[in-house]
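To start, the structure under review is shown below, and the notes come after it.
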Amino acid sequence: MNWAILLAAGLLGGAIATTTNLPGAQGPLAPDGRPGLGTERTAHEISRLFASPGEEQLQLLQALNDLPSDVLIRREMVRRWYRELGYFSILERTSDQNLEDLHERYQQLNLDAMGALMSSSETIGPFLQMFLDQRFRLRLALFDTFDLESVELRKGLRLLSASQDGFYDLRDSEAKNIASRVDLAAAALRAIRLDLDALRETGTAGAPGAPDPAWMAELIGITKVRGERDRLRSLEVLREKLGRRLERLESSMFWPRLKKKVSVLMDKRASYSAQANEHLERTRQYLLLSPFDEEPNEEIRAMSQTDRFRYAMSEAVRGVTADPLNEELTYLTGVTTERFYSPHESRMWFDRYLALRGIRSQDIETTRGRQLTPEEENALQKVLQAHLGGLGR
């Protein structure tokens, strides 16, 4: 059983050491200096790595696959700790006790911290604790980054893995681009994992970042200040004090330091993603997809359907070139190429889309118990029809 099948079945579990722990380990490195996929391998070499990895390569792939789960385990530990602290009482009693809702509600209250401070609501106590809890604020930023980077990692691994047994081939430039993005996301996730371990609660009241009783007294004292302007100024002074403490804490953390080191790579990735979204918007315009179906551009409305699809195809392909992990652009490239080329051409794009979604047409386990979206269902049917039609790779 090769690594791609293990990945699809979710059978690669357990934390293991990466090749940095092996004597004399050599090979491509990620931005944090740990073993990675690198940017020099050709598409064929990357395909072979996933199809039949050596012992060290298998350890690398397993470690990459485990990273999101490693962080999720730590996130669940944090959630349980917040529940013990009573933080979830700022939510409606009927709400699910999940971190996403907690963070969103905290951000809402924080926008009008003075209003919350002067409120008589029973949720004010937990909010004040969170407002002063530096570890809470540090974790909030870490989890926001995790949500982005874990998606990057999973999509990149899926696309690279499926290329070795799927119905599409990646160009060398695409494979190197995706491998680079996987390495960047992996480096970020490893740093986040280390930071969450460093921020793990020990129950020590005076631990770095824990709410300072003196700050709580200062915060409560603000409510006694006469005049709204003076209260707001006092709150701003406290915010500045908290901000300076937060900066000192961040200076010793792994992810904030690594983020500075990889800022050029992250800016480049964000730039390409923005370019892809511009192409996506124009693709949707030409295809008259929502919201452009209600009041289409007059010039586009005057085009024939064939011309609209041709322009849409051009925009979609350019968008995928900028961001090969963009799911909607990949799907729409399949939709538009289907109109002008053979089923073989569109099937490749639909299969790439399915790979990004974690679906493999030849593996029923990837769809078992899953409610497919209309796009997933259409793409899967097109790939399966090509199977039945005898189209080769």
Side-chain angles (χ1 to χ4, degrees), residues 71-148 192-225 228 231-256 259:
V71 178
L72 285 173
I73 290 171
R74 288 158 174 80
R75 185 161 73 172
E76 175 58 19
M77 293 170 61
V78 169
R79 189 191 71 84
R80 294 182 181 185
W81 174 249
Y82 289 168
R83 187 172 60 187
E84 288 185 28
L85 293 175
Y87 285 180
F88 283 98
S89 62
I90 72 171
L91 299 176
E92 298 290 338
R93 297 186 185 278
T94 57
S95 299
D96 293 333
Q97 292 194 339
N98 62 66
L99 288 180
E100 291 81 2
D101 290 345
L102 180 70
H103 292 162
E104 182 179 356
R105 181 55 181 158
Y106 170 78
Q107 298 284 28
Q108 291 172 352
L109 292 172
N110 192 41
L111 287 175
D112 183 21
M114 181 57 71
L117 183 61
M118 302 300 291
S119 169
S120 59
S121 169
E122 61 181 18
T123 66
I124 183 59
F127 169 69
L128 296 185
Q129 284 291 117
M130 297 161 74
F131 182 81
L132 299 175
D133 188 344
Q134 305 283 283
R135 294 186 176 208
F136 171 82
R137 296 171 67 181
L138 290 170
R139 292 192 193 100
L140 193 156
L142 290 176
F143 288 139
D144 282 347
T145 301
F146 166 75
D147 290 338
L148 169 64
I192 290 170
R193 183 176 60 186
L194 288 169
D195 283 334
L196 290 176
D197 286 342
L199 292 169
R200 187 174 295 174
E201 300 291 345
T202 62
T204 305
D212 189 327
W215 289 345
M216 181 61 76
E218 184 174 345
L219 194 57
I220 296 301
I222 292 174
T223 65
K224 312 300 182 183
V225 175
E228 182 179 3
R231 285 196 300 269
L232 289 172
R233 176 56 188 158
S234 297
L235 181 60
E236 186 61 29
V237 170
L238 179 57
R239 280 191 186 274
E240 291 173 357
K241 189 184 302 183
L242 292 171
R244 289 193 294 271
R245 177 67 64 86
L246 197 68
E247 288 180 1
R248 288 197 295 272
L249 289 171
E250 283 185 331
S251 68
S252 63
M253 291 176 61
F254 292 95
W255 170 238
K259 186 176 180 180

Value rounded to 0.5 Å, distance of [atom1] in [X] from [atom2] in [Y]:
X: I124; Y: I90; atom1: CD1; atom2: CD1; result: 10.0 Å
X: D195; Y: L249; atom1: CG; atom2: CG; result: 11.0 Å
X: R200; Y: R74; atom1: CZ; atom2: CZ; result: 6.0 Å
X: F254; Y: I192; atom1: CZ; atom2: CD1; result: 13.0 Å
X: R193; Y: I73; atom1: CZ; atom2: CD1; result: 10.5 Å
X: N110; Y: F131; atom1: CG; atom2: CZ; result: 6.0 Å

When you measure from the side chain of [X] to the backbone N and O of [Y], does any donor-acceptor pair fall under 3.5 Å?
X: E250; Y: P256; value: no
X: T145; Y: A141; value: yes
X: D112; Y: G115; value: yes

Using side-chain heavy atoms (C-beta onward) and a distance below 4.5 Å, is [X] in contact with [Y]?
X: F146; Y: L196; value: no
X: L91; Y: D96; value: no
X: F88; Y: R79; value: yes
X: R75; Y: L72; value: yes

[Y]/[X] salt bridge by N-O under 4.0 Å criterion:
X: R233; Y: E236; value: no
X: K241; Y: D212; value: no
X: E84; Y: R80; value: no

What pair of heavy atoms forms the shortest contact from [X] to [Y], and how long is it?
X: R239; Y: A113; value: NH2-CB, 3.2 Å
X: L246; Y: Q134; value: N-OE1, 3.2 Å
X: L199; Y: M253; value: CD1-CE, 4.1 Å
X: I222; Y: M114; value: CG2-CE, 3.9 Å

- Answer yes or no: are there more than 12 heavy-atom neighbours, outside E228 itself, under 6.0 Å from its atom CD?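 No, the 6.0 Å shell around CD holds no more than 12 heavy atoms from other groups.
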- Ring centroid separation Y82 to F136 under 6.0 Å: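 Yes, the ring of Y82 comes within the 6.0 Å limit of the ring of F136, centre to centre.
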- Using the salt bridge (charged side-chain N to carboxylate O under 4.0 Å, His left out) rule, collect all pairs that involve residues 124-144, keeping only residues at least two apart or in two chains. R135-E201, R139-E201
Show me the side-chain donor-acceptor pairs of residues 102-109 shorter than 3.5 Å, one per line, residues at least two apart or across chains.
unit_1: H103; atom_1: ND1; unit_2: L99; atom_2: O; d: 3.4
unit_1: R105; atom_1: NH1; unit_2: Q108; atom_2: OE1; d: 3.2

- Begin with the C-alpha distance, continue with both residues' side-chain angles, and end with the deciding distance and a verdict on side chain to side chain contact (heavy atoms under 4.5 Å, CB included) for L128 and I220. CA-CA 9 Å; L128 296 185; I220 296 301; 3.8 Å; yes
